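See below for the structure under consideration.
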Amino acid sequence: MECSSLHRQLAIIKKNLFDQGFLDEQFYQLEELQDDASPNFVEEVVTLFFRDSSRLLTNIEQALREKHPQDFHRLDVLMYQLKDSASSIGAAKVKNECTVFRELCDKENLEGCLRSFQKVKKEHAILRQKLENYFQLQRQVGPVEKATRSGN
Amino acid sequence: MENPLPSSRAEPFPAGLRVLIVDDDPTWLKILEKMLRKCSYEVTTCSLATEALDILRERRDRFDIVISDVNMPDMDGFKLLEHVGLEMDLPVIMMSIDGETSRVMKGVQHGACDYLLKPVRMKELRNIWQHVYRKKMHELKEIETHIHEDFNILRNGYEDLEDRYLIGGTETNSVRKRKDVDCKEFGDQEINDASAVKKARVVWSVDLHQKFVNAVNQIGFDKVGPKKILDLMNVPGLTRENVASHLQKYRLYLSRIQKQNEGRTCGNMPSDLINNDNRGNFVLHSTTNIPEDSELTKCIVRTESFHSQEIAPSAQNGETKRIVPVQVVGSKKSLLSNAPCTQKVNSVPQLGVLLSFKGMMPSIKEKSYEPTTVKHKPLHDDTLRKQLMQYPKQEDCSMLTDHSCFSNLDQDHAPSFNPLSTLPPSVISSSCTDERYMKDLCEMKHFLTDYRSGHFSSIPPMTCMIDSVSLQVKHGIVNAEDIGAICKLEGSPSTKDYNFDEAYNQGCFPLTCEFSLKSEAELDSFPEDLHLCSVQKIGCLENMTFSGAGFLPYIDSTPTMNEVQTNWYRGSEGHGEYFDDLDYPPINESLSA
């Protein structure tokens with residue numbers, strides 16, 4: 001059946017997201033919170049995350065460009081916010097890269113920070129793409145899929 | 001005042017716990033809200049710390065707990081924490097993705113009751129009610145500690161007398177056990193009632209806090225004390241304890257800001273700290289210069305007087321003779337207590353020991369008592385009134401105001417109590433040197449009531465001793481009326497004989513009037529002046545402005561009391577009556593053995 005194959009496909013996508021380290025346990029937490037009262041809870045949260053984190057990324061980008069001597073403390077605060085946000089949906093790779101960035105901030109390594117920031121942005125974009133695909137597919141599968149927890 | 005935990009809801013605590021979440025991250029806010037709702041908590045979300053503070057200031061009594069992220073762009077989470085702690089006295093949980101010890105430490109130092117690491121799990125959030133509950137318990141514990149303080153003193157006195165007066169060892173044991181059980185039950189009950197009986201937290205609004213700060217500034221930080229502040233603030237309904245608690249926080253707050261104040265705060269440490277830290281390990285000398293407003297310290301002194309001021313036992317008919325002379329010079333305080341005097345309690349004080357006796361009781365209004373209570377008429381002044389005896393059948397609140405008398409009334413025991421079979425309570429050696437209140441030396445015989453509900457049919461529920469009443473009057477006149485009042489003791493069932501010596505001396509030298517009222521039956525076994533304990537100026541409760549009696553007896557369903565307390569106790573019901581405040585009858589200023 002088409003439906004079950006879509007289900008399978010969806011499960012595989014999600015499994016890959018975990019296997020490849022894009023997502024962590026927190027994502028399951030979100031799925032568990034999804035219920036009849038908010039059937040699209042996970043998607044809503046993820047959408048919210050990407051909207052907000054894009055804003056944060058813009059802020060960081062500006063901060064990196066603007067000041068010369070760089071205000072590392074401010075960078076750190078901004079990246080903290082992004083890391084905090086990333087942790088909310090379990091965006092593991094983004095979060096890890098944020099940590100790297102903050103460590104470089106601590107060392108006042110501007111070059112490193114700039115490089116790291118590009119990685120953060122990249123991971124952010126990749127995850128966004130992957131999750132968009134995932135939710136698109138999920139919408140096709142329909143509400144039956146709902147909060148079923150697949151894979152591990 | 002509205003109940004913090006709405007009683008209307010169907011589910012029991014902790015469902016309906018009212019949580020305010022503050023997080024600048026909208027994603028987290030959404031997730032946390034959902035999690036908390038799943039825990040059946042009532043959630044309010046807020047993305048700005050300043051906004052949160054506004055909400056709390058506006059609707060402060062609408063929340064039980066606050067969860068806040070540490071890093072927020074508009075205000076440091078720690079700052080918010082401090083404000084919430086200082087103004088609202090709410091438990092605050094901090095959270096962040098950083099688990100660095102220094103950060104967590106900072107949170108704890110600023111008064112966070114918990115520090116959660118993100119990603120926060122639902123099971124952690126489900127568990128946050130414990131902080132609300134713990135806080136309540138601590139509030140109750142504080143009160144309870146005070147009670148136990150008194151209780152222990154009572155017990156000391158009790159056992160002391162028990163050892164001397166009870167005949168059979170088995171009886172003694174059973175009674176002692178009984179007391180322990182009572183004590184335990186009592187404690188448990190407090191805790192069980194924790195959710196039902198909650199003291200209202202005073203909301204320190206900006207205005208109120210400003211008043212407080214003004215008062216502190218006016219008094220001067222070094223000399224500041226809760227009582228003084230309370231007087232200066234002159235806010236109706238505010239209790240000394242509220243002020244003391246706030247002061248404590250305020251000091252913490254200041255010491256964080258300017259870290260040089262540590263030495264100072266020690267000198268005038270809020271009394272509950274003293275109490276907790278030093279209990280059972282008091283040195284009398286250290287407590288002789290107590291700040292006037294520190295009741296707990298006074299209590300400690302009092303405890304001390306029982307623990308260590310023992311004079312070596314002198315064998316007299318095999319009895320222990322204990323004299324605890326404590327002279328305290330106190331200032332005159334005008335206290336008006338009239339509110340709960342008509343309250344009668346139809347239950348039994350399981351243990352009631354009159355520990356101390358205030359030399360002067362101006363303006364304590366006594367309502368009429370039944371003949372079972374013996375009134376000690378004013379010795380030298382109309383305003384000086386004492387009630388020497390306590391009868392189990394009728395306990396009067398005013399008594400509690402002038403005696404540091406503690407009794408645990410338990411409704412369960414009331415039916416088995418037979419007032420007719422009671423003997424008069426043990427009393428009382430009173431010796432007063434009169435300087436018009438001021439230098440009264442009032443030696444009160446230990447006052448003991450022994451109530452044994454279990455043995456009630458065979459043994460009188462009360463073992464009461466009247467040993468002696470002695471009055472030492474320094475250039476004063478003992479008038480006939482006073483004596484007459486004391487002589488009422490004669491009518492008491494166990495007092496079949498009394499000796500009455502008096503000498504008048506109107507010169508400048510002290511003279512002694514001694515009345516000895518002794519139970520005939522006990523005459524040969526009781527030393528004349530057992531257990532003399534003189535504490536002057538005790539019973540002057542400083543927080544009487546509020547309920548009329550700073551002391552709340554254990555009264556079940558007493559409407560007026562509840563009315564009075566409504567503002568300060570939430571869900572006050574059942575057995576839940578507590579000392580309203582740091583109800584230690586103050587022993588003022590100085591002691592000398």
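Hydrogens, waters and symmetry mates play no part in the numbers below; they use all other heavy atoms, side chains included. Within every chain, numbering begins at 1; the chains are lettered A, B, ... in the order of the sequence lines, protein sequences first and strands thereafter. Keep in mind that this is a model prediction, so the values were computed, not measured.
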Q: Check each atom of S38(A) against the heavy atoms of chain B and say whether the ones under 4.5 Å are side chain, backbone, both or neither.
A: both
Q. Given a strict heavy-atom distance threshold of 4.5 Å, which part of L78(A) is in contact with chain B: side chain, backbone, both, or neither?
A.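 Neither the backbone nor the side chain of L78(A) comes within 4.5 Å of chain B.
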(Q) Would you say that I60(A) contacts F101(A) through its side chain, given a criterion of any heavy-atom pair below 4.5 Å between the two side chains? (A) yes
Q) Just wondering, do L81(B) and M94(B) contact through their side chains at under 4.5 Å, heavy atoms? A)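 The answer is yes, as the side chains (C-beta and beyond) meet within the 4.5 Å cut-off.
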Q. If only atom types and distance count, is the side chain of E124(B) paired as donor or acceptor with the main-chain N or O of R121(B) below 3.5 Å?
A.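 The answer is yes, because a donor-acceptor pair under 3.5 Å joins these two groups.
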Q: Side chain from CB out, backbone as N, CA, C, O: work out which of these in K30(B) comes under 4.5 Å of a heavy atom of chain A, or both, or neither.
A: both
Q. Going by distance alone, is a donor N or O of one side chain under 3.5 Å from an acceptor N or O of the other, for R102(A) and S116(A)?
A.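 S116(A) and R102(A) do not have a side-chain donor-acceptor pair below 3.5 Å.
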Q. Listed by chain and number, what are the side chain to side chain contact (heavy atoms under 4.5 Å, CB included) partners of L36(B), not counting sequence neighbours?
A.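 Only V19(B), I21(B), Y41(B), V43(B), I67(B), L125(B), I128(B) meet the side chain to side chain contact (heavy atoms under 4.5 Å, CB included) criterion with L36(B).
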Q.
Please output the residues of residues 81-97 of chain A in contact with chain B, using a heavy-atom cutoff of under 4.5 Å, in numerical order.
A. Q81(A), K83(A), D84(A), S85(A), S87(A), S88(A), I89(A), K95(A)
Q) Picking from D98(B), D25(B), D23(B), what satisfies side-chain hydrogen bond (donor to acceptor under 3.5 Å, both in side chains) with K118(B)? A)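 That would be D23(B); it is the only one of D98(B), D25(B), D23(B) passing the side-chain hydrogen bond (donor to acceptor under 3.5 Å, both in side chains) with K118(B).
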Q: With K34(B) as the cation and F41(A) as the aromatic partner, state whether NZ or CZ is under 6.0 Å from the six-membered ring centre and within 45° of the axis.
A: yes
